[in-house]
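One structure is given here, and the rest of the page talks about it.
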There are 2 protein chains.
Amino acid sequence: MGASKTHIFSPTHNELAQIAKVMAHPARVAILEYISKQDACICNDLVDVIGLAQPTISQHLNEIKKIGLLKGTFEGKNLCYCINQERWEELQEAFNTFFSNINRNCC
Amino acid sequence: MGASKTHIFSPTHNELAQIAKVMAHPARVAILEYISKQDACICNDLVDVIGLAQPTISQHLNEIKKIGLLKGTFEGKNLCYCINQERWEELQEAFNTFFSNINRNCC
DNA sequence: TTACTTTATCGTAATATTGCAATATAAAAT
DNA sequence: ATTTTATATTGCAATATTACGATAAAGTAA
């Protein structure tokens, strides 16, 4: 088949998986780290920093944008965007909650 | 191309991506949640709980095993395994560290 | 032994992801 | 108006993932 059977899983499980999928590529991890550590927004040097072709970076940025991790203006030549901190913290909390729920009585 | 250019990224970025990849499927999120909430080990009802075919579950379990999230004995008919808590906490910490590193001065 | 139960592996089809060249778009600079 | 600069989109090839039927393997029960 090849396509995930998303319909048989709960919204919570699907959402966490979707978020994880965005982080499931080293380029996107690197991009996220880079942007999150910038002092200002405007980051038009990603292609040099990451080392992938410009269309590829553009695609990765789009995946990141899709889950709401970027905010700013996306118009014209010089974009101006940065990490959406509210969303960032939501994701942190989502992972943290998931990993906090564990029983201790095991082999 | 289709294959990720892992060699151009740092070990840290690749590792986090690899971990995220395991969580990037709702079935694996559901499996992890189920196992982590069991009182004992032996979980031979995953196929019914998750709702995917037995070979598919087996494959997903293998992905989870690969990043060291399961411990126990994997021999014969009745497996006996559960979450490797040390590793579990390592992953929690890895995500937490990643999300904690963010600058605040932005648009 | 034979049948049963449970998990693993193989083979294969369907779909998704990754990456880039070519090209388009859109604003700024000259 | 033309060139330059920066990002987006399209199209396509290579690879990876997802899923399952068929079958194997390996222990348990009769």
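Reckoned from all heavy atoms, side chains included, excluding hydrogens, waters and symmetry mates. Throughout, a chain's letter reflects where its sequence line sits, starting with A, and its residues are numbered from 1.
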> Among the nucleotides D:dC20, D:dT17, C:dG19, which one has an atom lying closest to any side-chain atom of B:K21?
Replying inline: D:dT17
> Can you name the residues that form a side-chain contact (heavy atoms from CB on, under 4.5 Å) with A:D45, not counting sequence neighbours?
Replying inline: A:Y34, A:C43, A:V49
> Where along residues 24-35 of chain A does a heavy atom come under 4.0 Å from DNA chain D, residue by residue in number order?
Replying inline: none
>> Apply side-chain contact (heavy atoms from CB on, under 4.5 Å) to residues B:V29 and A:F98 and explain how you reach the verdict.
In response: CA-CA 9 Å; B:V29 174; A:F98 179 81; 3.7 Å; yes
> Residues two or more places apart in sequence or in another chain: which of them pass salt bridge (charged side-chain N to carboxylate O under 4.0 Å, His left out) with A:E89?
Replying inline: B:R104
>> Tell me the interatomic distance from B:K66, atom NZ, to D:dA16, atom P, rounded to whole angstroms.
In response: 11 Å
N/O contacts under 3.5 Å, protein versus nucleotides 8-10 of chain C?
residue	atom	partner	partner atom	Å
C:dA8	OP2	B:S58	OG	2.9
C:dA8	N7	B:Q54	NE2	2.7
C:dA8	N6	B:Q54	OE1	2.9

> Under a 4.5 Å cut-off applied to non-hydrogen side-chain atoms, are B:I35 and B:L69 in contact?
Replying inline: no
> Tell me, which pairs form a side-chain hydrogen bond (donor to acceptor under 3.5 Å, both in side chains) where one or both residues lie in residues 19-32 of chain A, sequence neighbours left out?
Replying inline: A:H25-B:S4, A:R28-A:H60
> CE of B:M23 versus P of D:dT18: gap in Å, rounded?
Replying inline: 14 Å
>> In whole Å, I'd like the distance from the CD atom of B:Q18 to the P atom of C:dT17.
In response: 18 Å
>> Return whichever of B:S4 or A:S4 has its heavy-atom-nearest nucleotide of DNA chain D closer to the 5' end.
In response: B:S4
> Near DNA chain D, which residues from residues 45-53 of chain B have a heavy atom under 4.0 Å away?
Replying inline: B:L52, B:A53
>> So, using side chain to side chain donor-acceptor pair (under 3.5 Å) as the criterion, who are the partners of B:N62 when residues are at least two apart?
In response: none
> With sequence neighbours excluded, what pairs up with B:E90 under the salt bridge (charged side-chain N to carboxylate O under 4.0 Å, His left out) test?
Replying inline: B:R87
>> Holding to side chain to side chain donor-acceptor pair (under 3.5 Å), I want the full list of residues that pass it with B:S10, two or more places apart in sequence or in another chain.
In response: B:H13
> C:dG19 C1' sits how many Å from A:H60 NE2, rounded?
Replying inline: 8 Å
> Among all residues two or more places apart in sequence or in another chain, which pass the side-chain contact (heavy atoms from CB on, under 4.5 Å) test with A:Q18?
Replying inline: none
>> If the condition is side-chain contact (heavy atoms from CB on, under 4.5 Å), which residues does B:N101 pass it with, not counting sequence neighbours?
In response: A:K37, B:T97
>> Strictly by salt bridge (charged side-chain N to carboxylate O under 4.0 Å, His left out), give each pair with a member in residues 54-69 of chain A just once, sequence neighbours left out.
In response: A:E63-A:K66
>> How many whole angstroms separate atom NZ of B:K5 from atom P of D:dA16?
In response: 14 Å
